[in-house]
Colleague: 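Just passing along the structure, written as structure tokens.
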Protein chains: 2
Amino acid sequence: MATPIDDDRCGESMVHQDAVADCLPGQLDEAVVESLSESFKALADPTRIRILHNLSKRELCVCDLAEVLGMTQSAVSHQLRYLRALRIVKSRREGNTIYYTCDDAHIAGLLQMGIDHATHVEEDKENTHGSRS
Amino acid sequence: MATPIDDDRCGESMVHQDAVADCLPGQLDEAVVESLSESFKALADPTRIRILHNLSKRELCVCDLAEVLGMTQSAVSHQLRYLRALRIVKSRREGNTIYYTCDDAHIAGLLQMGIDHATHVEEDKENTHGSRS
DNA sequence: CACCTATATGAACAAATACTCATATAAGCA
DNA sequence: TGCTTATATGAGTATTTGTTCATATAGGTG
């Protein structure tokens, strides 16, 4: 069963019609996919991960973030603008300095879930040092 | 309290020393950050999201995936290679055709978590159509 | 063997990305 | 008002990324 049976059309690639028919109704909405990839993109960069990790714990101003991360004020500010545009982060002005915090519990949750897992994986690597299974 | 007090060094930007001191011990391990951003990068593309969404439900061969996604066999194959290199997906040969499945429950979990949220967000957009709060 | 099909892959290319540098904005203080 | 500090931002740039196109591999079948 489920043997490769040709489509009506010939010349094009053979397709398992039952498998395709099984999948087609369950496809994700295009808008969902776009918004989802946008969210994951926000978490797909080391600098932004470190920024969000810090902001999820504590309110910080730009220069403090730059100091903690060992990065340029400009680089940090550009990333904060990126995160602000996605409403992942929000800012508050106090005189001359601007404080940022995390503004999206869902993104923060995804990040924390990822951190927990990645931390365990790296710990295991440390302990078994490549030998044994 | 927590007023901007200058660092030892002058000329450089002023930093809230207490805030920085509070954060520095909690920084993520570099390897963790790298591996984490690699994982999120895998989920940060619409094509890979759709591939993984399908493979998390069902084993599929390359040409069926291409058909379901409406994409070139080559494009799908390139992305599968990418996902295979990260061990997010695994393949099984059966004669001439190669079947893929999801091979990383953690990544699949992150994806599902994201899908659930994004789906609700988009549904809300649909229903309120920009008006009301 | 020759010929087919399914998949993989290298090169090329356009688009997106993350940074740097220089400069702009905007608030505080003399 | 003019000077200083904190942050934002535009332009430029090197790198990465996702696709296409052409071709290679590898198994099936006659």
Side-chain angles (χ1 to χ4, degrees), chain A residues 2-7 9-16 19-20 33-34 37-38 40-51 60-67 69-86 89-100, chain B residues 2-7 9-16 19-20 33-34 37-38 40-51 60-67 69-86 89-100:
Chain A
T3 46
I5 302 212
D6 199 355
D7 206 331
R9 324 200 143 282
C10 58
E12 304 191 350
S13 78
M14 292 196 188
V15 159
H16 306 82
V20 172
V33 172
E34 283 306 319
S37 83
E38 201 174 55
F40 282 127
K41 232 169 257 183
L43 297 170
D45 173 74
T47 298
R48 288 195 292 273
I49 288 177
R50 298 199 295 152
I51 288 177
L60 284 170
C61 70
V62 181
C63 74
D64 289 355
L65 259 178
E67 172 77 12
L69 303 185
M71 295 188 62
T72 302
Q73 174 269 322
S74 180
V76 173
S77 190
H78 275 293
Q79 295 296 356
L80 287 171
R81 173 166 69 160
Y82 178 107
L83 294 170
R84 194 161 17 101
L86 294 179
V89 128
K90 76 180 167 205
S91 62
R92 168 180 81 83
R93 169 156 241 144
E94 193 175 307
N96 217 350
T97 100
I98 299 187
Y99 291 95
Y100 280 87
Chain B
T3 46
I5 302 212
D6 197 356
D7 206 330
R9 323 204 143 281
C10 60
E12 302 189 353
S13 79
M14 292 197 188
V15 159
H16 306 80
V20 172
V33 172
E34 283 306 319
S37 84
E38 201 174 56
F40 282 127
K41 229 168 259 181
L43 297 169
D45 173 74
T47 298
R48 288 193 293 271
I49 287 177
R50 297 199 295 152
I51 289 177
L60 284 169
C61 71
V62 181
C63 74
D64 289 357
L65 259 178
E67 173 78 11
L69 304 184
M71 294 187 62
T72 303
Q73 173 269 321
S74 180
V76 173
S77 190
H78 275 293
Q79 296 296 357
L80 286 171
R81 175 167 66 161
Y82 178 106
L83 294 170
R84 194 160 17 99
L86 293 179
V89 128
K90 74 179 168 206
S91 63
R92 168 179 80 84
R93 171 157 240 144
E94 193 174 308
N96 218 350
T97 100
I98 298 188
Y99 290 96
Y100 280 86

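Everything numeric in this text was worked out from a predicted model, so none of it was measured. Below, chain A is the first sequence line, B the second, and so on; all start at residue 1.
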Colleague: Would you say the side-chain atoms of A:R84 pair up with the backbone N or O of A:L86, donor to acceptor, closer than 3.5 Å?
Modeller: no
Colleague: Tell me: CG of B:D45 to C1' of C:dA15, nearest whole Å?
Modeller: 13 Å
Colleague: State, yes or no, whether a side-chain contact exists between B:Q79 and B:M71 at a heavy-atom distance under 4.5 Å.
Modeller: no
Colleague: Rounded to whole angstrom units, what separation is found between the CD1 atom of A:I49 and the P atom of C:dA18?
Modeller: 11 Å
Colleague: Among C:dT7, C:dA6, D:dA6, find the nucleotide with the atom closest to the side chain of B:C61.
Modeller: C:dT7
Colleague: Is the phosphate of D:dG18 approached by B:R48 (side-chain N or O, under 4.0 Å from OP1 or OP2)?
Modeller: yes
Colleague: Between D:dT9, C:dA26, D:dT19, which nucleotide has the shortest distance from any of its atoms to the side chain of A:R84?
Modeller: D:dT9
Colleague: Closest to the B:S74 side chain: D:dA26, D:dT20, C:dC19?
Modeller: D:dT20
Colleague: May I have the distance from A:L80 (atom CG) to C:dA18 (atom C1'), rounded to whole angstrom?
Modeller: 14 Å
Colleague: Check every atom of C:dT9, D:dA6, D:dG27 against the side chain of B:R81 and return the nucleotide holding the closest atom.
Modeller: C:dT9
Colleague: Rounded to the nearest angstrom, tell me the gap between atom CD in B:E34 and atom P in D:dT16.
Modeller: 12 Å
Colleague: Looking at the side chain of A:I98, which of C:dT5, C:dA8, D:dT7 is the nearest nucleotide?
Modeller: D:dT7
Colleague: Decide yes or no for A:L65 and A:L80: does some side-chain heavy atom of the first lie under 4.5 Å from some side-chain heavy atom of the second?
Modeller: yes
Colleague: In terms of side-chain heavy atoms of A:T97, which of D:dT7, C:dT7, C:dA6 is nearest?
Modeller: D:dT7
Colleague: Centroid distance below 5.5 Å plus an interplanar angle below 30 degrees: do A:H78 and C:dC19 meet both conditions?
Modeller: no
Colleague: Contact between B:S74 and B:H78 at the side-chain level, heavy atoms closer than 4.5 Å - yes or no?
Modeller: yes
Colleague: Nearest whole angstrom, please: distance from the P of D:dT20 to the CG of B:L69.
Modeller: 12 Å
Colleague: OP1 or OP2 of C:dT17 sitting under 4.0 Å from any side-chain N/O of A:Q79?
Modeller: no
Colleague: Which residue lies toward the 5' end of DNA chain C, B:S91 or A:M71, if each is placed at its nearest nucleotide?
Modeller: B:S91
Colleague: Hey, is the side chain of A:Q73 pairing donor to acceptor with the base of D:dA8 inside 3.5 Å?
Modeller: yes
Colleague: Write down the distance between CZ (A:R92) and P (C:dA27), rounded to a whole number of angstrom.
Modeller: 15 Å
Colleague: Any side-chain N or O of A:Y100 under 4.0 Å from OP1/OP2 of D:dA8?
Modeller: yes
Colleague: Round to a whole Å and report the spacing from CG of A:L83 to C1' of C:dT17.
Modeller: 14 Å
Colleague: Can you tell me if A:R48 uses its side chain to pair, donor with acceptor, with the backbone of A:A42 under 3.5 Å?
Modeller: yes
Colleague: I need the OH-C1' distance between A:Y82 and C:dA16, as an integer number of Å.
Modeller: 10 Å
Colleague: With a non-hydrogen cut-off below 4.0 angstrom, is B:T72 in contact with a base, only sugar-phosphate, or nothing?
Modeller: sugar-phosphate
Colleague: Find which nucleotide of DNA chain C each of A:T47 and A:R93 is nearest to by heavy atoms, and output the residue with the more 5' nucleotide.
Modeller: A:T47
Colleague: Would you say that A:P46 contacts B:E34 through its side chain, given a criterion of any heavy-atom pair below 4.5 Å between the two side chains?
Modeller: yes
